[in-house]
S.K.: 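My structure is below; once you've seen it, I'll send some questions.
Atom set for the values below is all heavy atoms of this structure, side chains included, hydrogens, waters and symmetry mates excluded.
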Amino acid sequence: MILLSLVRYYQRLSAQKDRDTGEPKVPSYGFSEEKIGYILVLNPKGELVDVIPNLTDDKKPRPKLMNVPQAVKRTSGIKPNFLWDKAAYVLGVEANQDKASAQMQPALLSHHTFDAFKQFHLEALADTQDKGLQALVKFLTTWESEKFTDSLCPIEILDANVVFKLDGENQYIHQSVEAQNLWAGLLSTNDKTEGICLITGEKAPIARLHPSIKGIQGGQSSGGSIISFNKDAFTSFNKDQGDNAPVSEQAAFAYTTALNYLLRNKNHHLMIGDTSTVFWAEAEDVEQAELAEQLFAGFLTPPDDEQENSPIFDMLEKMSKGRPLQEINLEIAPSTRFFILGLAPNASRISIRFWLETSFGELANNLAMHWQDLALNPRPWKTPPSIWRLLLQTTPLDRTGKGKSENISPVLAGELARAIFTDSLYPMNLLSQLLMRFRADGQITGLRIAMVKAVLQRRFRKGLIKQGVPMELDENTDHTAYLLGRLFALLVRVQEQALGKVNANIANRYYSSASTVPYMVFPRLLRGAQHHFSRLKKDNVGLAINLSKELDTILAKLPTVFPRHLNIEEQGRFALGYYQEK
């Protein structure tokens, strides 16, 4: 279903035009979008007359994407691309990777790759009548790699991809009608076995190797594969490589092209831990699908501006109160199909971390339930927290409250995302991770507490625990662990009022043991509190009396003997009571 959904998405994209360029959003079969850094301009004699950079206007310029004949897959050996390639193939030079000697010799000769590129094109273009292709043949015949340093080529061209252009022409050489016809002929002459495609069900040439998928964070720069067989242990019935899972050439091209488009499009791609997560929609018309995609992106990665994200707040809150999606936004069809795919790097292969196919109405409702479970009063945030921001709270925080992405558990990231998208139980290791962080760094922040509350509240909604979780301070509850958290917060306040700021208060010293083994700690803390009350009465009798009354009220609800141990759920209630009392 994953690959079939991607093939359908490719078909939708291929029928759409890019608003800026007017070109199709994705290349047609046999072509791919590649990062092209430079354009080599040739005259009819095959002489290099100009080198034009093809870079973005960013502070750090990057090669622009260009539609070129599909890249070959270089798993091993030397294989040239058609009418474009890296400088090592086109010019026979590559960058010196040895920094110590790079100043002496920044470019190294690469005759073997240039010879392969030259031979391939001299054979393919032997009978060409196209002026641009003839100029390329002359260039390859006369070019000498040793003369690179004396040529027009800048040193930055090393290891960049380049294409060719005939001087005075507007189009690139690979865009000419004859070049495209030649490429179509090369594609059709490849020796391919035919079979029934697992995706389309049609009989067609089977792809031996699938095109590379690029843009997976942490993956290889050359790309990876979802489907690949390169060892005998992975094959069966003496079938070789792609024959083990027969996918037609066109279907393989379609699903990989669609996936590469999603991975480089910020409106369809976000990171959840180490997982590159892409999403897309299917609807009766393109506008409905795009609207669903935009709303989902807004839910998961809200804008930083408070005014811009207020509509997202409003929509989440209305849905969490039971208002139907179509009533909130008339343009959205709740039946719109929605797909979410989580991909993670695994050497040269790509692991599927999670996959969800659902309706947008159900997905929006699940996101609203997540928002409702997470909600506290007052809100401990200005913008709706993204999944990535929530996951950062499970990592060690510095003094400014910031964590590092590399410390996020990949397993936890996938489990949390799945729970949010499907309204299933949050993983209990999320709660244990948060409790461990409370004990380790003492930062009991509002966002961390909201996550603790969400875990417990969802378990209550699913009928696994008997008592719900309050959004704000609940003075009527008789839950022992919650009351102990409130009691501990009051004892901290009594100490602060009596002694002022101290290097290590009882929260720093005793939170861990108070939240796990109350029997061992609270009797000692209550005895210490009497000394603090004595001192406080000398400075502020009224405050001392009020705090003493609050303390007595909580103690009256607690059992006569403190619990010897609190389990993980009770430790979460303790943290919630402590935070809300504070």
S.K.: I'd like to check Leu491 versus Leu526 (side-chain heavy atoms, cut-off strictly below 4.5 Å). Are they in contact?
M.R.: yes
S.K.: Given Arg437 and Thr394, is the side chain to side chain contact (heavy atoms under 4.5 Å, CB included) satisfied, shown in steps?
M.R.: CA-CA 7 Å; Arg437 294 264 51 93; Thr394 67; 5.6 Å; no
S.K.: Are side-chain heavy atoms of Leu390 and Met451 found at a separation under 4.5 Å?
M.R.: yes
S.K.: Please check if the side chain of Lys214 supplies one atom and the backbone of Asn260 the other of a donor-acceptor pair under 3.5 Å.
M.R.: no
S.K.: Within the distance-only criterion (no hydrogens, no angle test), does the side chain of Thr395 pair as donor or acceptor with the backbone N or O of Leu392 below 3.5 angstrom?
M.R.: yes
S.K.: Who passes side-chain hydrogen bond (donor to acceptor under 3.5 Å, both in side chains) against Tyr261, sequence neighbours left out?
M.R.: Asn265
S.K.: Enumerate donor-acceptor pairs with a distance under 3.5 Å from any side-chain N or O in residues 469-485 to protein atoms, sequence neighbours excluded.
M.R.:
from   : atom 1 : to     : atom 2 : distance (Å)
Glu472 : OE1    : Asn377 : ND2    : 2.8
Asp474 : OD1    : Asn476 : N      : 3.0
Asp474 : OD1    : Thr477 : N      : 3.4
Thr477 : OG1    : Gln467 : NE2    : 2.7
Thr477 : OG1    : His479 : N      : 3.2
His479 : ND1    : Ala481 : N      : 3.3
Tyr482 : OH     : Asp474 : N      : 3.0
Tyr482 : OH     : Gln580 : OE1    : 2.5

S.K.: Can you check whether Met520 reaches Ser513 side chain to side chain, under 4.5 Å on heavy atoms?
M.R.: no
S.K.: Does Thr256 have any side chain to side chain contact (heavy atoms under 4.5 Å, CB included) partners at least two apart in sequence or in another chain, and if so, which?
M.R.: Pro211, Ile213
S.K.: Hey, is Asp423 close enough to Arg458 for a salt bridge, meaning N to O under 4.0 Å?
M.R.: yes
S.K.: Ser548 side chain to Ile545 main-chain N or O, any donor-acceptor pair under 3.5 Å?
M.R.: no
S.K.: Do the side chains of Lys25 and Glu290 get close enough for a salt bridge, i.e. N-O under 4.0 angstrom?
M.R.: yes
S.K.: I want to check something: taking the side chain as every heavy atom from C-beta on, are Lys60 and Thr56 in contact at a cut-off of under 4.5 Å?
M.R.: no
S.K.: Using atom types as modelled and distance alone, determine if a side-chain donor or acceptor of Asn505 lies under 3.5 Å from a backbone N or O of Asn508.
M.R.: yes
S.K.: So, does Gln495 use its side chain to make a donor-acceptor pair with the main chain of Ile506 at under 3.5 Å?
M.R.: yes
S.K.: When you look at Arg439 and Gln571, which way does the side-chain hydrogen bond (donor to acceptor under 3.5 Å, both in side chains) test go after all the steps?
M.R.: CA-CA 11 Å; Arg439 296 191 291 268; Gln571 290 175 41; 3.1 Å; yes
S.K.: Tell me which pairs pass ring pair (Phe, Tyr, Trp, His ring centres under 6.0 Å) where either residue lies in residues 521-544, with sequence neighbours left out.
M.R.: Phe522-Phe562
S.K.: Short question: side chain of Arg62, backbone of Lys35 - any donor-acceptor pair under 3.5 Å?
M.R.: no
S.K.: Examine distances only and state if a side-chain atom of His268 and a backbone atom of Phe279 form a donor-acceptor pair shorter than 3.5 Å.
M.R.: yes
S.K.: Which residues pass the side chain to side chain contact (heavy atoms under 4.5 Å, CB included) test with Glu357, sequence neighbours left out?
M.R.: Met1, Arg337, Phe339, Trp355
S.K.: Does Ala281 offer a backbone N or O that forms a donor-acceptor pair with the side chain of Arg12 under 3.5 Å?
M.R.: yes
S.K.: Could you go step by step and tell me if Arg418 and Ser424 meet the side-chain hydrogen bond (donor to acceptor under 3.5 Å, both in side chains) rule?
M.R.: CA-CA 8 Å; Arg418 189 179 296 107; Ser424 57; over 6 Å; no
S.K.: Is the distance from the ring center of Phe421 to that of Phe296 below 6.0 Å?
M.R.: yes
S.K.: Flag the pair Asp398 and Lys402 as a salt bridge only when some basic side-chain nitrogen lies within less than 4.0 angstrom of an acidic carboxylate oxygen.
M.R.: no
S.K.: Among residues at least two apart in sequence or on other chains, which ones pass side chain to side chain contact (heavy atoms under 4.5 Å, CB included) with Gln217?
M.R.: Met271, Ser276
S.K.: Ignoring hydrogens and geometry, is there a side-chain-to-backbone donor-acceptor pair from Glu550 to Leu547 under 3.5 Å?
M.R.: no
